[in-house]
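Step one of this worksheet: look at the structure below.
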Amino acid sequence: MYLVNAETDELRVVHAAGGQAHYALPEVLPLSADSPVADAVRSHQPLWDDSAQLASYHEGVPDLRRTVVSLGVVPLSPLPPGTVRGATGCLVVVNDALVGFESDRRILLELYAEQIASTMDVGAPRAAEGAGPATARERTLPLVHAGTFTLDRGSGPIDADQTLLELVGIPPETFDGHVESLIARVFLDDLPTFIAVVGRGKVTSDVGDLMFRVRRPSGEPRWLHLRCRVLTDSTGRSARVLGVVADTAYHSEEVEAAGLEELSRGLADALTVREVAEAVVRCLHRRLTADRVAFAGLQDDRLTVSVLEPPKPSEWPQIWRPDNRTEWLDAPLSHLPTLAAVLRSGRTAVWPAGSDLEQGLTGITQGGLAVLPLSAEGRMIGVFLVGWDTPHQLSATERAWLSVTTGRCSEAVGRTAATDTERERLRTLQKSLLPRELPEVSGAATVARYLPAADGPAMGGDWYDVFSLSDDHLALVVGDVQGHSAEAAAVMGRVSTAVRAYAAEGHPPDVVLARANRLLAGMKTGLFATCCYVSLDLEEGNAWFVRAGHPPPLLCQPDVAPETLDDTVGPPLGVVAEADFPMTMVDLVPGAVVALVTNGLVESARLPLEEGMRRMCDRIGAADPSDLRRMADDLIGGADRRDDAVLLLLRYDGLDLRPVRAGWRAWRLPDAVMHARRFTARTLRSWGVSEEMDAIQLVVSELVTNAVVHTLGDVRLDLTLAGDRLRVAVTDSLPRTPVKPTTVDWEATGGRGLLLIEAMSEAWGSVPVGGGKQVWSEIAVAPHTVPAPDVGTERSP
């Protein structure tokens, strides 16, 4: 057994058995040497060589002239392969053989190396307070008293060595070779976890690291540590289990019985994966004296935090909340290579304070990090993250708790995974239907919060949406579909999409809800939905509210008491096909806050809606709108809710720079384009825009020409100057979006217009407006302060 001496950059033997001198294995070996031992430590990968492969090395290999040998090198490290910190040593095994080690032997040796690594400190210990890193000789590395076994899961025979039988207290001469004889020695409380791994029948857990207790013939309990791998046959079914069982005498203390009983009781009562995670998070938070513990589930290569203790998502690094929302924390696994390595290894890992980790982890904890992977039914489903704010050195008991928790949690997840499938499907559906990011617009700030029901199904039909409309307009929507089911979620997705689509066509708010109402009524789903739609003119500060059976918006203007805007309301969507939805218009002043909520936030069996709205008004009035995210967290966090809850906040700030506009309606005359160019030149001169005149007139010519030639009906040209951007927009009656040609032949007489527009514009596009469309182009101009008033709309040349 070699350990790395960090001061001299070399490997030194700390333990040897079986003839080190006979095989000419060196006492000291440079870490940079051309040696299989050094190669394995540097690469952090096991190495298995036969005599022919060893002949290519020059240093640190057995003397091939004495005997034919095979050599195996397994890195020792408390951290999983693929992490930043490399191996801290290695286990070297030499064997007289013509060929290398067989597959089963390799697996058992790798498991034994993992058992050794689990007794090592993650960080290099110090010889004395304030001293530098300890040398290999100064480290304490207890020998692991371990036995091995190979189990046939189908028929039950087990090949257990003498050391394993001695650990469980079975005399070798009385052992009948059946796994049931081992199971009979296991404590009753630990049986479910142990049987999930080594019992006959279907595997309910693929955990490879667990602690369990056996009762010795004398009656005394003994803690044992099992590491194993479940091997599958050609059909993918579990066929054999290879394992190493070690004595835990190196633990200075035992896991306390009271804590173990509490953990077992919490897992026994859990019916879902989330409830299992909650029980484990509570236990780890208390037993490890951790500052924070979280469970992050793995879904489509993303880690999503679903349980957090204490609940402070706002303190997590930006990578976990890229859009600054805190109703869930998630991050792509590709940005967290440390956690990805733990999931691949399936092994618990611990990092001390000061470890070289990515920002997504160092931002969570400064004093150390423990990561416990969680698996069920042959796949990784997530990790537990345990962190400390101040440097923390794990005690032997705390290390034991990590191993105990891993095994019991995996067994509980295997039991609850089937019943949890529908809830996970609903949660995934909910996240896919809600917007991941809210648009950033000038003149306003928005924040949304969604929390699923505290009891019952994982989700209901609540939704929210925020999207930009043309001409500095912003739309906000909240809604709630009747029921808590997959059908309610599906209907919610269709209704929310319909509302956005009708709004994008340019319809006013009352028409948007009227069309969405007819759509839902025509679906014949038997479900109805409530909805509140707000359209805000960011330039003027005018907001139009429309409600369909939904709780009223709450408005808090500066220096004015908060109020509910409950003047008018229409019926819920889907109830009456031809219903009217009256609008209410309110003038907002800079600093005003508008709050849209669903019933789950302000109503319950113990709280009438009117009282809930009054309380929410009081809390909004007492909140500080300068930090809208914190305000949203405070409002939704203190609510007494049992149902889904949505909170959508908007703070109207007003525009610092008000745009100037001019419009002209074209007549269908042969010289319409000429008059459009004249109108544009006259307007630009009045605004003081001259340098960009030619480019702007070229874009106007192309857009107006396309509208006049290819469409019927009215054509309108609008010019808008805002700061350093001039927007040219041409509206016509044809809804078809213009398509830019991929190639234009030299002999072609058309098709170059959109290419010219693209070349002259900073950005361009097309949006539906009413029954037609609007094609727009934005051109960069020098910033101007326009002294003259806006040019009015001209209806004729």
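Just so you know, residue 1 is the first one in the sequence shown, and it goes up from there.
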### Query
Heavy-atom distance under 4.5 Å between the side chains of W48 and L109, does that happen here?
yes

### Message
Quick check: do S334 and D301 have side-chain heavy atoms less than 4.5 Å from each other?
### Response
no

### Query
Residues in salt bridge (Lys or Arg N to Asp or Glu O under 4.0 Å) with E110, at least two apart?
R229

## Note on the structure
salt bridge (charged side-chain N to carboxylate O under 4.0 Å, His left out) pairs touching residues 288-299, sequence neighbours excluded, are R292-E315, R292-D389

### Pairing residues for D624 by the side chain to side chain donor-acceptor pair (under 3.5 Å) criterion, not counting sequence neighbours
S626

### Query
For H285, what residues pass the ring pair (Phe, Tyr, Trp, His ring centres under 6.0 Å) criterion, not counting sequence neighbours?
none

### Query
Can you list the residues that meet the side-chain contact (heavy atoms from CB on, under 4.5 Å) rule with T148, with sequence neighbours excluded?
L108, D161, V244

### Message
For R630, give me all partners under side chain to side chain donor-acceptor pair (under 3.5 Å), at least two apart in sequence or on another chain.
### Response
none

#### Entry: Y2 vs L76 side-chain heavy atoms within contact, under 4.5 Å
no

### Message
Going by the rule side chain to side chain donor-acceptor pair (under 3.5 Å), which residues pair with R185 if we only count those two or more places apart in sequence or in a different chain?
### Response
none

### Message
Taking salt bridge (Lys or Arg N to Asp or Glu O under 4.0 Å) as the definition, give me every residue that meets it alongside R105, ordered by chain and number, with sequence neighbours left out.
### Response
none

### Task
Sequence neighbours left out, what passes salt bridge (Lys or Arg N to Asp or Glu O under 4.0 Å) with E278? Give chain and number order.
R274

### Message
Suppose we screen for side-chain contact (heavy atoms from CB on, under 4.5 Å). Which residues come up paired with E166, at least two apart in sequence or across chains?
### Response
H145, R216, R222

### Message
Once rounded to the nearest 0.5 Å, what's the spacing between atom CG of L438 and atom OG1 of T446?
### Response
4.5 Å

### Query
Tell me, which pairs form a ring-ring contact (aromatic ring centres under 6.0 Å, His included) where one or both residues lie in residues 289-318, sequence neighbours left out?
F295-F384, W316-W320

### Task
Identify, with sequence neighbours excluded, every residue that meets side chain to side chain donor-acceptor pair (under 3.5 Å) alongside Q366.
none

